[in-house]
Amino acid sequence: MSKNSIVDFSKIKDELADLAKPIQVLDQNAKVVNQAVFDSFSDDQLVEFMKKMVWERALHEQTMNFSRQGRMGFYAPTAGEEASEMGTVMAMQKQDYLVPAYRDIPQLIQHGATVTEAFLWSRGHVKGNEFEARALMPQIIIGAAYVETAGVALGLKKNGEDAIAFSYTGDGGTSQGDSYEGMNFAGAYKVPALFIVQNNGYAISVPRESQTAAPALTQKAIAAGIPSVQVDGMDILACYSVAKAARDYMLAGNGPVMIETLTNRYGAHSSAGDDPKRYRTDEQQKPWLEKDPLIRLRKVLTDKKLWTEEQEEALIKEYKDSFKDALKQADAVEPEKVSDMLKRTFEVPTPELQAQIAKFEEKESN
Amino acid sequence: MSKKSYIQAITEALDIMLQEDPKTLIFGEDVGKNGGVFRTTQGLQEKYGADRVFDTPLAESGILGLAIGLGLTGWRPIPEIQFSGFTLEAVDSIVGQMSRMRFRFNGKKNSPITVRSPYGGGTHTAEMHSDNLENIFTGVPGLRVVMPSNPYDAKGLLISSIENNDPVLYLENLKLYRSMKDDIPDEKYTVPLDQANIVQEGNDITIVAYGAQVQEAQKAAEELAKSNISCEVIDLRTVSPIDTATIFKSIAKTHKVVIVQEAQKMAGVGAQVASAISEEAILSLDAPIGRVAAPNSVYPFALAEEVWIPRKDEIVAKVNEIINY
Ligand SMILES: Cc1ncc(C[n+]2csc(CCOP(=O)(O)OP(=O)(O)O)c2C)c(N)n1
Ligand SMILES: [Mg+2]
């Protein structure tokens, strides 16, 4: 900086890089780093966390299996993201409104959709979206979740409900203009909207570093006046605790929160067949695999004699069997009819639609 | 000459234009190292460097805003929108900005931009990945909309689009990407941006189609030939502008027409063609105009798309109906 300059922009930029360390309860070696939070969990709770992650990993494996057999439609692998997904969703209540994306099928099921519905969604059948859960269908358009979550949260607030809206997007999603708009609206209206950013390092092939010059994605919330925090996304105890704290804070009427979970997608972007080897090396992946959320909690539980390999294997089998049953149920669902699609295009079909409905009803009756 | 798929033809056109014009730039989501999610830009970053072929952050409005700015500063941008459903994120850039540049500045500024984007049904994608949205964009003055139906046209039309100084929305059919191969020249050639193509001559009826429906129309014509109905099949190639002269000339001979589109019937290209015929050439016809289009619902979820998209059989039935009128 020259002596007479009024401002040192380089210094301001450098200060942006001063990151908060991501919040942890268990470190990578399963050492407890926040004893008070750790002690707040009962043994049963710890086991429940593990079960959910085993369930999600089994779902991942089984769906990949189904995909290879051509029995699924579009599906996004979730291995690696179990702590981030299960930890946050377990902190929610049924009355909370979920706004998921395509990688959030496990949370959607936890929130009340059936596995069969999830599979039908993947295959592309409207029955997959008829779930009872208080949730939208998985969002395909990246960014839309932010603005819609702000709206849902405002609605819940106006209703005087004891509920929050919570949405999931990825690291790439924070680049969309909608993300600023959604967070800004939520802040301006002080609504109970929880924006969970699962930073799994990549948007298909594009690394997190290429998305933005911001050192942390949480900084994007700062401009909207929203408190935000990074969490170790491979530590389910941290993910759960932070999400729970955020929910409590929001229910007290304090307005929105943004959480960035630092996680990793082990597999391909989607079942459509992208090859991660094109854009990242095994070398780059290795440290992430060592942070695996299941390994971490399994170690804690095993040390406490709360968990055995046999128990885990039995669970995996039970879960996978249930997924196979769910797929069979999906197989049994009648195909959609064009006449039905036309009927649900408007509340009351227009005259032009009525004519098309009649035509297709005739065609589809024989 | 060598056998190339539709997607190879596109890659080749991009390669030629990167080579020939140092001002061309390719950018979009995953177009760099990954070579695009369909591998359309495969190898181009390696060959021309990350200054010419680069990934963007995930934001379509950002991508096309960037294109507009680059176009104003002497560059010739060829941005990619990963699926045409995501052009909706950038409607202002397309409709409100780039298409008006020349008009606003009395020709002193322009948007020499070619927006490439895949579209079209039949490949079992997730929602918002298959819609035919040309209906929205053909109503935009100042914007050209190009929809090639085969590898030869894909290459020639893309080169013309890039060389053209108007903004062009160049829509690539997903189903055709790898399902179709033709012998096409290896060197540079162009296909004009305002000329329909008579892909098959015939005397009894004219079938007007574009994109993937050209193949369906040709299959229909083949089947109809067995019952001695001779179809003339016209491929529009560009849906804005529409080459009505070629259509009028054809119907002056056949006196009958069926217009085919994959998009919903309620708006767009087929309606525009029908309107032009009604206004300027109705006396050529001795039967009503026939239309084949998708029904007026939202594009279906993947499992239902095959019963929804019009195919050869619908075209055959409609031709028979018009012929027997
Ligand atoms: C508006 C929009 N643009 C582009 C896409 C295509 N697309 C699907 S997923 C994806 C990457 C998303 O990355 P990220 O937000 O990090 O989430 P992740 O998939 O890693 O969970 C892209 C570019 C889309 N679905 N929607
Ligand atoms: Mg990501």
Side-chain angles (χ1 to χ4, degrees), chain A residues 73-76 102 120-129 137-144 170-179 203-207 210-212 269-270 272 274-275 278-280 333 335-345 350 352-353 356-357 359-360 363-364, chain B residues 28-39 42 45 50 54-63 65 82-83 85-90 92-93 121 123-131 264-266 293-310 313-314 317:
Chain A
F74 170 81
Y75 197 85
Y102 49 87
L120 285 167
W121 171 82
S122 162
R123 287 178 168 187
H125 193 296
V126 72
K127 287 276 172 207
N129 303 336
M137 66 181 278
Q139 181 59 262
I140 290 294
I141 294 302
I142 293 169
D171 42 310
T174 61
S175 294
Q176 284 285 18
D178 277 359
S179 77
I204 308 185
S205 72
V206 180
S210 304
Q211 289 295 337
T212 173
H269 169 71
S270 83
D274 112 295
D275 176 10
R278 296 174 70 91
Y279 51 82
R280 68 185 190 196
V333 172
E336 281 193 60
K337 289 183 176 160
V338 176
S339 51
D340 290 334
M341 293 181 223
L342 291 164
K343 282 178 196 165
R344 67 175 193 261
T345 298
T350 60
E352 197 188 4
L353 277 172
Q356 293 187 0
I357 290 166
K359 193 184 107 189
F360 276 96
K363 226 170 118 178
E364 287 167 338
Chain B
E29 295 155 10
D30 306 285
V31 302
K33 212 183 218 178
N34 203 42
V37 292
F38 293 102
R39 311 285 173 256
Q42 170 115 293
Q45 186 180 67
F54 53 93
D55 287 333
T56 62
L58 203 175
E60 289 73 19
S61 153
I63 293 169
Q82 199 163 80
F83 285 87
F86 314 151
T87 57
L88 299 179
E89 302 292 304
D92 181 58
S93 291
T123 63
H124 301 296
T125 61
E127 201 200 2
M128 298 293 294
H129 286 64
S130 300
D131 294 52
Q264 292 88 340
K265 189 175 184 184
M266 65 195 298
N296 289 345
S297 79
V298 174
Y299 191 90
F301 301 123
L303 277 182
E305 63 184 348
E306 278 313 320
V307 290
W308 185 90
I309 299 172
D313 290 351
E314 277 92 337

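Here the structure is a predicted model, which is why all the values come from computation and not from measurement. The sequence lines fix the lettering, A, B, ..., with proteins before strands; numbering per chain opens at 1.
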From the list Met341(A), His125(A), Lys127(A), Glu336(A), side-chain contact (heavy atoms from CB on, under 4.5 Å) partner of Phe301(B) resolves to Glu336(A)
Counting heavy-atom pairs under 4.5 angstrom with chain A, the leader among Glu89(B), Met266(B), Glu29(B) is Glu89(B)
What distance do Glu352(A) atom CD and Lys265(B) atom NZ have between them, rounded to the nearest 0.5 Å?
-> 7.0 Å
Bottom line for Asn296(B): the part with an atom under 4.5 Å from chain A's heavy atoms is both
What part of Val298(B) gets closer than 4.5 Å to chain A, counting heavy atoms only: side chain, backbone, both or neither?
-> backbone
Is atom NZ of Lys337(A) surrounded by more than 12 heavy atoms (other residues, nucleotides or ligands) closer than 6.0 Å?
-> no
Which bit of Glu306(B) comes within less than 4.5 Å of chain A, counting heavy atoms only: side chain, backbone, both or neither?
-> neither
Between Phe360(A) and chain B, which part of the residue has a heavy atom less than 4.5 Å away: side chain, backbone, both or neither?
-> side chain
Asn34(B) versus Ser205(A), closest heavy-atom pair with distance | CB-OG, 3.2 Å
Do the side chains of Asp55(B) and Ser210(A) get nearer than 4.5 Å, heavy atoms only?
-> no
Shortest non-hydrogen contact from Pro57(B) to Ser175(A)?
-> CB-OG, 3.7 Å
State, yes or no, whether a side-chain contact exists between Ile204(A) and Gln82(B) at a heavy-atom distance under 4.5 Å.
-> yes
Okay, Asp178(A) and chain B: the region with an atom under 4.5 Å from a heavy atom over there is side chain
Most contact-rich option vs chain B, by heavy-atom pairs under 4.5 angstrom, among Lys359(A), Gln356(A), Lys363(A), is Gln356(A)
Between Gln211(A) and Leu58(B), is any pair of side-chain heavy atoms under 4.5 Å apart?
-> yes
If you round to the nearest 0.5 Å, how far is CE of Met128(B) from CD1 of Ile140(A)?
-> 9.5 Å
Which distance, rounded to the nearest 0.5 Å, do you find between the OG1 of Thr345(A) and the CD of Gln264(B)?
-> 9.0 Å
Answer key: most heavy-atom pairs under 4.5 Å with chain A among Ser61(B), Gly85(B), Gly35(B), Ala126(B) is Ala126(B)
Can you tell if the side chain of Gln176(A) reaches within under 4.5 Å of the side chain of Glu60(B), non-hydrogen atoms only?
-> yes
Which residue out of Ile141(A), Leu353(A), Asp274(A) racks up the most heavy-atom pairs below 4.5 Å with chain B?
-> Ile141(A)
